[in-house]
Amino acid sequence: MTDAPLLAPGNTGSARPGSSDHSDADLLAGLNPQQLDAVTYRGSALLIVAGAGSGKTSVLTRRIALLLRRREAWPSQILAITFTNKAAGEMRERVAQLVGDVSRGMWISTFHSACVRILRREAERFGFTKAFTIYDSGDSRALIKRLVKEHEADAFGFTPAAVQSRISKLKNELQDAESFARQANLADPAERVFSEVFGDYQRSLQKANAFDFDDLIGQTVFLFRAFPEVADTYRRRFRHILIDEYQDTNHAQYSLIHELTRPLSGKGAAPEPYASNGMMIFEPEPQTAPDAGGEGASLTVVGDSDQSIYAFRGADIRNISEFERDFPGAKVVLLEQNYRSTNNILQAANAVIGNNFDRKEKKLWSDRGAGEKIVGFTGYSQHDEAQFVADEVDALHRDGMPYSEMAVFYRTNSQSRALEEILIRAAVPYKIMGGTKFYERAEIKDALAYLVAVANPADDMAVRRILNRPRRGIGDVTETTIARFAEEHELSFRDALAHPAELGVGPKIQAAIGQLDAVLTEASAIMLPATGDVPPPTVVAEGLTLLLSKSGYMDALRASRDPQDEARLENLDELIAVTREFARNNPEGTVADFLTEVALVSDADDLDDSSGVVSLMTMHTAKGLEFDAVFVTGVEEDLIPHRISAGEPGGPQEERRLFYVGITRARTRLHLSLAMTRAQFGEVSVAMPSRFLQEIPAELIDWRQSPGDINSRGSRTLGGRGGFGGSGFGGSGRDRFAPRELAKSDRLKPLSTAMDKFPNRVTGKVRDNGDLELSAGDRIRHDDFGEGRVDQVTGEGAKRVAHVRFDSAGMKKLLIKIAPITKL
DNA sequence: CCGTGGTCAGTTTTT
DNA sequence: CTGACCACGG
């Protein structure tokens, strides 16, 4: 990689270290005093506490740009860590806009990507090869499942998922199988079996030349601690380390940062720049760069403990709250001015987050005016709620707001279904971020397993996966036979395939195995050329095409009568398109590089061209994004806060932060909606408004239809808006559903919260038909739908549902307990 | 060894 | 209501 010019075109003025002449003006323009401080402060450690929407990305990018512009740092000396690949891409782009092309020399990536880069270069030091594969959660779960079965750990109540999450937690605390075994109570048989599974899991990974997600971080820390001279190489290289979303770092990541910012150990000779994989570890130190002199790198972290939402995967909020203790002499800058949202939205956000007790007081403010009120809506069902979203999106769009400026959030992925159904019907273009992930589809995993089998033949899991895909008549028995043969001859599973005749299996199966072996060998010849050869950029695309065609995989799908297989073929075509794209962006990319990229992409990353469509995503995925209009849906108890969080220490508080993250994404229009009933697993149940709603001052919310409306008067919802139309609801009738009592109670108790008109207080008054007995054939009257005949009754107790054929409104399902109905 | 049919289970967030 | 998994019968 050639060094890009240090200075941006048009900025060839005399930028000397420390100088701040006119050429910096553009970088410092428009910053408030705190932001300016955050951009220009120089010292060993800086914590930027950046409230939502306070311009932290801008601060971070300008800080980097300034370092480069003033020649305080060479691009290669900068390591910036972001939370997602997408954020990394954006940051690189923004720095490039400020200072030109130099961004290419910097490391701007996620923790995981950075560690992969380091590990690829150093893996050989501790028993791996640089072709190692990365196990995603699905891969490790599959492996753990096998081990759980082998150890009969399920007898002790261990599910694969539980084992996986426990191992992950341990690894995030930098515990390995040995250290766990040392301190575990092995007298407890359950602990012992877990310990054994953990140990086997780790040995399997090592044998397969593979790392799981957590290992990428943990093993890098291990590497640095075990090989101080290696750590020194990177300490010497990275002089400025910047970490975004610091509140979501876990202990392993924290330790990694510590290792990197430590002063040189001085152990071992000054490392020669050694070549690995054709790349130099570090570039010659520029003359103008400050002398490392054994000093630790300067560290800048940006975060907001109010937006810490990943404790469940080991994020430790103490990393940020105790930063000043960890890095003595650290400077702290607070960014509290919000440039994103209107004050109504910020007030709601402040009010909600203020209920978390052990937080540092921090109040976002904005000079953007009050803005529109928050719109609240309570639907009768989740579909009704979705209809509200669709209507509102439509209205906003007709008012000129582009679809791409609107987003719909929900707590759990499963909530997206109802929204999708209605949005499709309403012809609203949308895109789901996340959801069923492309790379988790079976055919994609198969295709990738073929690539892994070539790139990393030690990975038994991958080879076993493709053994009988497409169907070759190779089943369990044969697989075991091959595994045993491999063990006996100290071969890898992959290499055992080269000896079909010695396996003692039938001729047909021998032929099948031989054929697979031949395809893999042929692909290897293309994709893994002898060292020295420079393969064409398209190796991966060609190799994949060859593997899929000569293995018969494609043919099998084409021959199939299953209509789904057509879609699978299309998916594979798309994957091949991805490899072409990869070749374009990485002319020297290897198979391993491609697999790395694929393994580390996340949901939030494929945001690329959501041009012109509404974005649907979970609140987690929404972190770091912003939209003009935001719909937070399903604001119900047991959903947000999620039921499962209730039992976990700190759970409800984390949920509150998540809700806070959701509402602070909105610039001008915030909608909070919920449903009074929600169907989950085909069963309908009653939903209660989230406790977080009552934390928002009532005067900030304009209820189109409040929970009280539905409870005290029965469903208004479907009556006025039923079926398809629903138009005419969005706006004109704004006050139509405002409860009469509201005005009065507001005047009497101005500080009252929205919950005053809520059912929590009114629970007793929720419409309750008791155990109204209905059976097929009964005639009933519904407040909105009129008269109808009961078709059938399903469910038990409070969840009994009547399927009613209304004379004019058609078929409806009604929850008998609360539906506004009477028996005739 | 393959496909079917049936049972069963599990439902939070993700690099 | 889905999807994964298992046991059975061809």
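This is a predicted model, so every value here is computed, not measured. Note on naming: letters A, B, ... go to the chains in the order of the sequence lines (proteins, then strands), and numbering restarts at 1 for each one.
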Original post:
According to the salt bridge (Lys or Arg N to Asp or Glu O under 4.0 Å) rule, which pairs have a member within residues 503-512 of chain A, sequence neighbours left out?
Top reply: none
Hey, what are the protein-to-nucleotides 7-10 of chain C N/O distances that come in under 3.5 Å?
none

So which protein nitrogen or oxygen atoms get under 3.5 Å of nucleotides 2-9 of chain B's nitrogens or oxygens?
{"residue": "dC2(B)", "atom": "OP1", "partner": "G473(A)", "partner atom": "N", "Å": "2.8"}
{"residue": "dC2(B)", "atom": "OP2", "partner": "N468(A)", "partner atom": "ND2", "Å": "3.3"}
{"residue": "dG3(B)", "atom": "OP2", "partner": "R471(A)", "partner atom": "NE", "Å": "3.0"}
{"residue": "dG3(B)", "atom": "OP2", "partner": "R471(A)", "partner atom": "NH1", "Å": "3.1"}

Subject >> Qualifying residue, where the test is side chain to side chain contact (heavy atoms under 4.5 Å, CB included) with I309(A) and the options are M619(A), K623(A), Q247(A) >> reply: K623(A)
Subject >> Check ion pair E385(A)-R678(A) (N to O, under 4.0 angstrom) >> reply: yes
Original post:
Below 4.0 angstrom, N of the basic side chain to O of the carboxylate: do K56(A) and D244(A) qualify?
Top reply: yes
Original post:
Going by atom types alone, do N456(A) and T133(A) pair a side-chain donor with an acceptor below 3.5 Å?
Top reply: yes
Original post:
Is a side-chain N or O of Q415(A) found less than 3.5 angstrom from the main chain of T412(A), in a donor-acceptor match?
Top reply: yes
Subject >> Interatomic distance, K623(A) NZ vs dT13(B) C1' [rounded to whole Å] >> reply: 11 Å
Subject >> Pair F224(A) and Y234(A), ring centroids less than 6.0 Å apart >> reply: yes
Original post:
Could you give the CD-to-C1' distance, from Q307(A) to dT14(B), as a whole number of Å?
Top reply: 17 Å
Subject >> Electrostatic pair R469(A):E443(A) at N-O distance under 4.0 angstrom >> reply: no
Original post:
Closest nucleotide of DNA chain B for S645(A) versus for T478(A): which of these residues is on the 5' side?
Top reply: T478(A)
Subject >> Under 3.5 Å donor-acceptor pair, H642(A) side-chain atoms to dT12(B) base atoms >> reply: no
Original post:
Taking only Watson-Crick and G-U wobble pairs with both distances under 3.5 Å, what dot-bracket line describes DNA chain B, where [ ] shows pairs that cross earlier ones and | shows pairs with another strand?
Top reply: |||||||||......
Subject >> Atom pair distance, as rounded to whole Å: CD in Q510(A) and P in dC1(B) >> reply: 14 Å
Subject >> Sugar-phosphate, base or nothing in reach of K171(A), heavy atoms under 4.0 Å >> reply: nothing
**OP:** May I ask whether F312(A) stacks on the base of dT13(B), given the cut-offs of 5.5 Å between ring centres and 30° between planes?
**Re:** yes
**OP:** Rounded to the nearest angstrom, tell me the gap between atom CZ in F409(A) and atom P in dT12(B).
**Re:** 21 Å
**OP:** Consider the side chain of K149(A), meaning its heavy atoms from C-beta on, and name the nucleotide among dC6(C), dT15(B), dC1(B) that approaches it most closely.
**Re:** dC6(C)
**OP:** Measure from CD1 on I217(A) to C1' on dT14(B) and round the result to the nearest Å.
**Re:** 13 Å
Subject >> D212(A) and K171(A) ion-paired at < 4.0 Å >> reply: yes
**OP:** Mind checking F111(A) for me? I need base, sugar-phosphate or nothing, with any heavy atom below 4.0 Å counting as a touch.
**Re:** nothing
Original post:
Taking atom P of dT11(B) as reference, at what distance in whole Å does atom CZ of R643(A) sit?
Top reply: 12 Å
Original post:
For the pair made of NE2 in H112(A) and C1' in dT15(B), what is the distance, rounded to whole Å?
Top reply: 4 Å
**OP:** Could you work out which one of dT14(B), dC1(B), dT15(B) sits closest to the side chain of I509(A)?
**Re:** dC1(B)
**OP:** If a pair satisfies side-chain hydrogen bond (donor to acceptor under 3.5 Å, both in side chains) and one of its residues is in residues 309-318 of chain A, list it, with sequence neighbours excluded.
**Re:** D316(A)-R318(A)
**OP:** Not counting sequence neighbours, which residues clear salt bridge (charged side-chain N to carboxylate O under 4.0 Å, His left out) with D136(A)? List them please.
**Re:** K445(A)
Subject >> OP1 or OP2 of dT11(B) under 4.0 Å from side-chain N/O of T412(A) >> reply: no
Original post:
With the threshold set at 4.0 Å, does a side-chain nitrogen-carboxylate oxygen contact exist between R657(A) and E654(A)?
Top reply: yes
Original post:
What is the distance, rounded to the nearest whole Å, between atom CD1 of I640(A) and atom C1' of dT13(B)?
Top reply: 10 Å
